[in-house]
Amino acid sequence: MTKKELPKAYDFKSTEPRIYEMWETGGFFQPHNDPNKPDFDPKVEPFIIAIPPPNVTGELHIGHAMFVSVEDLMVRYHRMKGYSTLWIPGSDHAGIATQLMVEQNLLKTEEVTREELGREEFLKRTWEWKKKYGSIITTQIRRLGASCDWSRERFTLDPGLSRAVREAFVHLYEKGLIYRGPRLINWSPGLKTAVSDLEVEYEEEEVRLYYFKYMIKDSGENIPVATIRPETILGDTAVAVHPDDGRYKKFIGRTAVVPILNREIPVIADEYVSMEFGTGALKITPGHDPNDYAIAHKHGLPIISMLDAEAKVNENGGRYKGQDRFEARKNLWADMKSAGLVIKEEPYTTTIPRSQRGGEIVEPMISEQWFVTIEPLAKAAIEAVRDGRIKIVPERFEKVYFNWMENIKDWCISRQLWWGHRIPVWYCPDGHMTVTREDPTECTTCHSKDIHQDEDVLDTWFSSGLWPFSTLGWPDETPDLKYFYPTSYMETGYDILFFWVARMIMSGLEYTGKVPFHTVYLHGLVRDEDGQKISKTKGNVIDPLTLMDEFGTDALRFNILVGSTPGNDTNIGPKKVEANRNFVNKLWNIGRFVISAIDTLTPPSAPLSQIGRGAGGEGNYTLADSWIWAKLQQLVRDVERNFQNFQYGQAGQQLYEFVWSDFADWYVEIAKEQLKNDATRTATVKTLARALDMSLRMLHPFIPFVTEEIWGHLRNALRESSISSLSNDWSHALIVAKWPEPRPLKDWEPETIADFELIQEIVRAIRNLRAEKNVAPSKKIAASIAAGDKTEVLKEQSTVIASLAGLNEAELSIAALLKDKPKDSAALVVGSVEIYLPLAGMVDLAGEKSRLEKELKEAESHIERLEKLLASDFASKAPAALVQKERDKLAGYKDTAEKIKAQLK
RNA sequence: GGUCUUGUAGUUCAGUUGGUUAGAACGCGCCGUUCACAUCGGCGAGGUCACAGGUUCGAGUCCUGUCAAGACCACCA
């Protein structure tokens with residue numbers, strides 16, 4: 001193999017597709033322990049996530065990037081940990097969304113409506129549409145690096161999943177938990193279908209409140225009533241007042257007259273009516289208002305529907321028949337005005353129900369629909385979270401979950417659409433219902449062959465609710481279902497906790513008897529760079545594809561994953577992604593450096609002594625080698641802890657800081673010196689390689705492409721080198737490499753870190769002074785250091801100190817004590833170490849005294865603070881180790897202060 | 001009306017069970033490019049952790065209240 005020069009900048013454009021192809025064709029996305037294969041081992045622990053299925057005709061948006069990034073991170077982590085890992089992908093038929101899209105397209109291209117086309121032909125066209133555009137979203141999800149097992153891809157309208165839907169429906173029906181009947185539901189006039197309570201959004205809007213007179217029959221008296229929907233007067237069946245209301249008591253039991261229609265309706269008393277609000281009297285329209293509906297039931301009032309499917313007034317509306325609801329509102333009000341029934345109208349702010357999909361105002365209407373009796377299902381679902389079988393992360397959403405579940409209402413599952421699972425109920429002319437798992441040929445009650453299927457389809461969420469098990473083969477006891485169910489994590493946005501998560505829990509428990517997953521992880525929503533909610537009208541839409549084109553997938557993923565916490569919203573924007581692109585490039589260049597060090601490694605000319613600790617156990621390791629190794633062990637422990645606590649952002653942050661601040665800024669710089677030296681070269685290369693290797697492993701779930709690419713180069717370089725024995729885990733791709741396991745803290749680690757930190761402080765202090773005094777970075781200067789008991793450590797590190805601080809090593813003297821205080825020098829005190837830089841002739845030393853005085857003042861303020869602290873109850877009540885730490889600090893500051901004072905003399 | 005979240009540097013955010021000099025990124029100022037990386041390096045400025053109480057030896061962190069921003073649920077016509 002020839003050594004290729006790696007480019008200076010990481011080329012994600014050519015790398016990403018190549019790496020993904022390698023993973024996918026290499027079979028790395030499939031569980032290594034496949035229950036369908038003969039060598040299956042049931043003892044290996046599975047880890048599985050079912051993807052939140054995107055809409056089949058949708059296009060990638062930032063929300064997809066969010067969940068794909070988080071789930072891919074979880075999946076890659078567990079895969080590297082050795083779990084038999086499966087991320088099962090798929091898409092959702094998305095009834096309303098898809099049907100609307102196809103309808104609109106038909107109208108535009110062929111100028112036909114779906115009604116003109118007919119149900120069968122329309123469905124044929126929709127399937128064609130799905131075939132044509134359904135792969136766009138999955139291609140785009142691949143671009144994000146998703147390591148899903150595409151061989152197990154599912155679609156909610158697949159035969160298998162449709163069978164699951166059928167089974168679920170029949171199961172509920174047979175159990176008596178599904179019923180059909182006329183009920184007051186939310187009707188979307190534009191879509192001409194019922195929608196569930198969840199699909200209605202309430203928004204505060206400025207409307208008008210209309211006051212008018214309800215005339216009492218055979219008298220000149222009236223009851224004033226207010227409404228925001230005057231057209232519903234046409235459907236009134238009562239006027240209600242509070243039983244104790246002195247103003248209206250006398251009218252209770254009398255008859256009121258509906259304006260214009262002159263229908264006679266009773267005046268009733270009900271405590272629901274608030275005396276304080278409005279006029280204190282309420283018109284009752286049971287056919288078009290949920291509260292009125294309840295009152296009508298209580299009082300046995302008739303229920304009148306006065307709107308048709310398109311929200312036009314029907315035959316019950318007299319002369320307004322055929323008019324649109326808003327037109328009728330205007331006309332009826334005008335007529336009432338002429339009739340002298342109008343009192344006034346005024347502006348009013350209230351919440352208006354609008355369709356989540358179409359945005360139009362939803363009308364409560366009486367309609368024949370299918371419902372699921374939800375209470376028993378909800379009870380079991382509440383229990384599962386309460387007793388800990390399901391854990392929700394972050395925990396606070398459990399409260400939200402309980403609150404919703406405890407107040408849940410029956411679920412309207414029928415939709416007047418064509419694209420979806422048709423309700424598996426057949427009717428015969430006598431009205432018998434046949435509900436079976438297989439399509440029937442006759443009525444099961446009267447054996448009539450003249451049967452027809454219900455026209456409606458099921459709510460899309462009915463099938464999505466089965467997703468964790470329907471994708472695994474349920475209702476069949478497939479090997480996948482047996483091994484992988486219940487699934488592990490359910491990862492999704494908190495915005496669909498009710499829509500989807502709650503329903504999966506109810507369905508899972510009801511149909512499989514098991515929880516569908518043991519952990520729910522809820523991520524936040526994506527906001528723009530300034531924390532603003534993303535919306536098309538604001539024009540701040542963030543296109544993940546553009547960001548990936550410009551900065552690469554890894555950069556986008558890192559932005560999404562780092563700096564966010566579970567359940568909290570995350571900000572994303574070009575600036576941030578750019579910063580992460582820089583990190584990816586930094587990592588790439590560390591990789592280039594390490595690889596070139598390996599490639600140019602020559603064996604030492606003489607045998608080496610064995611000192612120090614580091615990447616390969618005992619060896620010829622320097623302080624820096626041991627230090628970076630100790631830091632790396634600490635990092636492994638921190639990252640592991642954060643992963644266990646779902647603190648992925650924190651883990652990513654720590655990795656970022658380690659790579660850039662510790663590894664690149666310090667260790668790599670020192671390694672440059674150590675590589676020049678025969679005695680330290682081999683251990684340095686080993687350390688470089690191992691530190692890079694472990695960083696790549698831990699970063700892989702965050703930024704899979706660049707880590708895989710560097711790792712491949714690193715592996716190749718090591719294979720050809722004399723240190724190929726460094727790790728036994730180099731045979732496969734990084735995606736299946738072993739996750740670094742944390743080791744307990746070793747005794748030598750804290751001291752090593754402390755010693756190295758002293759070196760860092762000395763270097764920083766010198767750099768600082770140089771910058772302050774404007775000493776040119778290229779200018780090598782001399783230095784004398786009085787190091788006290790740190791003399792030995794510092795002497796060992798003299799080359800390092802000299803190279804990092806820009807000193808001339810030949811003119812660097814380190815001793816426990818300096819016989820003579822160098823003249824005309826700038827003095828620095830770092831802890832107990834004194835540093836003299838003879839800058840006379842180069843810079844003006846006049847400011848030295850005041851600089852030292854400033855530092856003395858600072859040290860003294862610390863001394864004062866710590867003495868106070870140690871004199872307080874802290875000394876007696878705080879843990880001893882902590883007190884000792886503060887005592888040590890105090891001693892350090894005192895030492896520093898003494899030394900500065902000596903300088904000032 | 002109920003529940004919840006957030007309030008930390010100019011901006012956007014981290015800050016794990018309370019531990020005593022509060023961090024990052026971007027931005028800003030100064031200096032620097034043969035030596036892995038200008039998609040870079042060095043140095044620096046910038047915060048009374050919204051406010052007021054309380055618990056504690058000790059509070060950005062826990063409790064109570066206030067203010068501000070936001071979310072969700074439920075809603076009186």
Side-chain angles (χ1 to χ4, degrees), chain A residues 6 8-10 202 209-210 225-229 232 240 272-274 276-285 289-292 348 350-351 394 396-397 399-400 403-404 407 494-495 497-498 524-525 527-531 533 551 555 559 562-565 567-571 573 575-576 578-597 638 641-642 645 647 649-650 653 656-657 660-661 664-665 668-669 671-672 764 767-772 774-778 804 806 858 861-862 865-866 869 872-879 882-883 885-886 889:
Chain A
L6 299 174
K8 283 192 171 191
Y10 169 59
Y202 293 85
L209 185 58
Y210 301 85
V225 174
T227 180
I228 57 170
R229 295 185 296 161
T232 62
Y272 169 80
V273 183
S274 155
E276 291 77 36
F277 192 84
T279 63
L282 188 59
K283 63 190 265 320
I284 302 296
T285 320
D289 184 283
N291 294 310
D292 295 3
Y348 183 67
T350 190
T351 49
R396 67 184 137 91
F397 283 102
K399 206 167 171 180
V400 180
N403 183 46
W404 187 74
N407 298 295
Y494 64 73
D495 52 330
L497 179 62
F498 305 142
L525 306 183
R527 292 166 176 277
D528 77 4
E529 217 145 31
D530 303 315
K533 200 170 182 174
F551 303 113
N559 185 177
V562 173
S564 69
T565 39
N568 284 352
D569 295 352
T570 316
N571 302 352
K575 272 187 186 169
K576 293 192 165 205
E578 187 182 6
N580 289 312
R581 185 275 315 267
N582 295 350
F583 174 69
V584 168
N585 193 59
K586 184 81 183 179
L587 190 65
W588 170 255
N589 277 294
I590 295 169
R592 285 177 64 218
F593 176 79
V594 174
I595 288 159
S596 81
D638 288 343
R641 195 196 63 236
N642 280 315
N645 296 330
Q647 300 287 332
Q650 187 67 13
Q653 187 71 40
Y656 181 101
E657 278 163 21
W660 208 314
S661 307
D665 287 353
V668 167
E669 290 309 313
K672 286 175 187 172
R764 280 202 195 99
R767 282 176 175 172
N768 183 343
L769 190 83
R770 291 177 61 121
E772 215 173 282
N774 277 319
V775 179
S778 54
L804 294 180
E858 204 187 309
S861 83
H862 282 300
R865 179 179 60 78
L866 286 166
L869 177 68
S872 73
D873 289 348
F874 172 78
S876 52
K877 296 202 176 170
L882 220 62
V883 177
K885 215 170 106 190
E886 296 307 315
K889 269 192 213 164

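The sequence lines fix the lettering, A, B, ..., with proteins before strands; numbering per chain opens at 1.
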5'-most by nearest nucleotide on RNA chain B - Tyr10(A) or Pro879(A)
Pro879(A)
Separation of C40(B) atom P from Asn589(A) atom CG, nearest Å, is 10 Å
Check every strand shown and say whether Glu578(A) touches a base, only sugar-phosphate, or nothing at a heavy-atom separation below 4.0 Å.
nothing
Taking a pair as Watson-Crick or G-U wobble with both distances under 3.5 Å, which nucleotide is matched to G1(B)?
C73(B)
Audit row: Lys672(A), Phe593(A), side chain to side chain contact (heavy atoms under 4.5 Å, CB included) steps and yes/no:
CA-CA 10 Å; Lys672(A) 286 175 187 172; Phe593(A) 176 79; 3.7 Å; yes
From the list A77(B), C57(B), A71(B), which nucleotide is the closest neighbour of the side chain of Ile228(A)?
A77(B)
Any salt bridge linking Lys575(A) with Glu578(A)? Criterion: basic side-chain nitrogen under 4.0 Å from a carboxylate oxygen.
no
Side chain Ser872(A) and base C57(B) donor-acceptor under 3.5 Å
no
Between Asp292(A) and Tyr272(A), a side-chain donor and acceptor under 3.5 Å
no
Taking atom C1' in both G60(B) and U17(B), what distance in whole Å separates the two?
16 Å
When the C1' atoms of C31(B) and A71(B) are compared, how many Å lie between them, rounded to an integer?
47 Å
Counting any heavy atom closer than 4.0 Å, what does Tyr348(A) reach on the DNA or RNA strands: base, sugar-phosphate only, or nothing?
sugar-phosphate
Mind checking Ser596(A) for me? I need base, sugar-phosphate or nothing, with any heavy atom below 4.0 Å counting as a touch.
nothing
If you only use heavy atoms from C-beta on, which nucleotide in C40(B), U39(B), A36(B) is closest to the side chain of Ala9(A)?
U39(B)
Counting the atoms with a prime plus P, OP1 and OP2 as sugar-phosphate, which does Thr350(A) contact under 4.0 Å by heavy atoms, base, sugar-phosphate, or nothing?
sugar-phosphate
Consider the side chain of Pro777(A), meaning its heavy atoms from C-beta on, and name the nucleotide among G32(B), U20(B), A71(B) that approaches it most closely.
G32(B)
Nucleotide of U5(B), C57(B), A36(B) approaching Ala878(A) most closely (side-chain heavy atoms):
C57(B)
If you measure from the C1' atom in A25(B) to the same atom in A68(B), how many Å do you get, rounded?
26 Å
In whole angstroms, the gap separating C1' of A24(B) from CD of Gln650(A) amounts to 10 Å
G7(B) versus U16(B) - spacing of their P atoms, nearest Å
12 Å
Between A36(B), A77(B), U16(B), which nucleotide has the shortest distance from any of its atoms to the side chain of Arg641(A)?
U16(B)
Within the 4.0 Å heavy-atom criterion, would you say Ala579(A) contacts the bases, only the backbone, or no part of the nucleic acid?
sugar-phosphate
Give one of base, sugar-phosphate or nothing for Phe583(A), where a contact means two heavy atoms less than 4.0 Å apart.
nothing
Base, sugar-phosphate, or nothing: which does Lys399(A) touch, judged by heavy atoms less than 4.0 Å apart?
sugar-phosphate
At under 4.0 Å, does any side-chain N or O of Asn568(A) touch on OP1 or OP2 of U5(B)?
no
Whole angstroms only, please: what is the CG-C1' distance between Leu525(A) and U5(B)?
12 Å
Here the gap from Asn403(A) atom CG to Lys399(A) atom NZ, rounded to the nearest 0.5 Å, amounts to 9.0 Å
P-based separation of G15(B) from U8(B) [nearest Å]
14 Å
Does the side chain of Thr232(A) come under 3.5 Å of the side chain of Lys283(A) through a donor N or O and an acceptor N or O?
yes
For Arg770(A) and C43(B), give me the distance from atom CZ to atom P, rounded to whole Å.
12 Å
How far, in whole Å, is C72(B) from G29(B) if one measures between their P atoms?
41 Å
From A77(B), U20(B), C40(B), pick the nucleotide closest to the side chain of Leu282(A)?
A77(B)
Approximate separation, where rounding is to 0.5 Å, of Phe551(A) CZ and Asn580(A) CG:
10.5 Å
Expressed in whole Å, how much space separates the P atoms belonging to A9(B) and A50(B)?
8 Å
Side chain of Asn571(A) (C-beta onward), nearest among C75(B), C13(B), C57(B)
C13(B)
Separation of the P atoms in G10(B) and G47(B), to the nearest angstrom
7 Å
Expressed in angstrom and rounded to an integer, what is the separation of Trp404(A) atom CH2 from G2(B) atom P?
23 Å
To the nearest 0.5 Å, how far apart are CG in Asp289(A) and CG in Leu282(A)?
8.0 Å
CG/Asn559(A) to CZ/Arg581(A) distance, rounded to the nearest 0.5 angstrom?
13.0 Å
Could you check whether the side chain of Gln653(A) and the base of A25(B) have a donor-acceptor pair of N or O atoms closer than 3.5 Å, going by distance alone?
no
Of all the choices, U12(B), A77(B), A36(B), which nucleotide is nearest to the side chain of Thr227(A) once you look at every atom?
A77(B)
OP1 or OP2 of C31(B) versus the side-chain N and O atoms of Asn774(A): is any pair under 4.0 Å?
no
Look at the side chain of Lys586(A) against the base of C37(B) and say whether a donor-acceptor pair falls under 3.5 Å; ignore hydrogens and angles.
yes
OP1 or OP2 of A14(B) sitting under 4.0 Å from any side-chain N/O of Thr565(A)?
yes
Is there a Watson-Crick or G-U wobble partner for U64(B) with both distances under 3.5 Å, and if so, which one is it?
A52(B)
Whole-Å gap separating C1' (C26(B)) and OH (Tyr656(A))
10 Å
Asn559(A) has an atom CG; how far is it from atom P of C26(B), in whole Å?
12 Å
Between C40(B), C75(B), C37(B), which one does the side chain of Tyr202(A) approach most closely?
C75(B)
Out of curiosity, Leu869(A) CG to Lys889(A) NZ, how far, rounded to the nearest 0.5 Å?
9.0 Å
For Arg396(A), answer base if it contacts any base atom (sugar-phosphate contacts may also be present), sugar-phosphate if it contacts only those atoms, and nothing otherwise; contact means non-hydrogen atoms under 4.0 Å.
sugar-phosphate
Mutual orientation of the aromatic rings belonging to Phe498(A) and Trp404(A) [parallel < 30°, tilted 30-60°, perpendicular > 60°]:
parallel
Measure from the side chain of Asn642(A), starting at C-beta and using heavy atoms only, and say which of C37(B), U16(B), C57(B) lies closest.
U16(B)
Starting at CG of Asp665(A) and ending at P of A38(B), how long is that distance when rounded to a whole Å?
15 Å
Is Val668(A) touching bases, backbone alone, or none of the nucleic acid, heavy atoms closer than 4.0 Å?
base
Go nucleotide by nucleotide along RNA chain B from the 5' end; which of Lys575(A) and Leu866(A) gets its closest nucleotide reached first?
Leu866(A)
Classify Ala776(A) by what it touches in the nucleic acid, base, sugar-phosphate, or nothing, heavy-atom distance under 4.0 Å.
nothing
Can you tell me if Asn407(A) touches the phosphate of C73(B), counting only side-chain N or O atoms and a distance under 4.0 Å to OP1 or OP2?
no
Mind checking who C30(B) pairs with, Watson-Crick or G-U wobble, both distances under 3.5 Å?
G42(B)
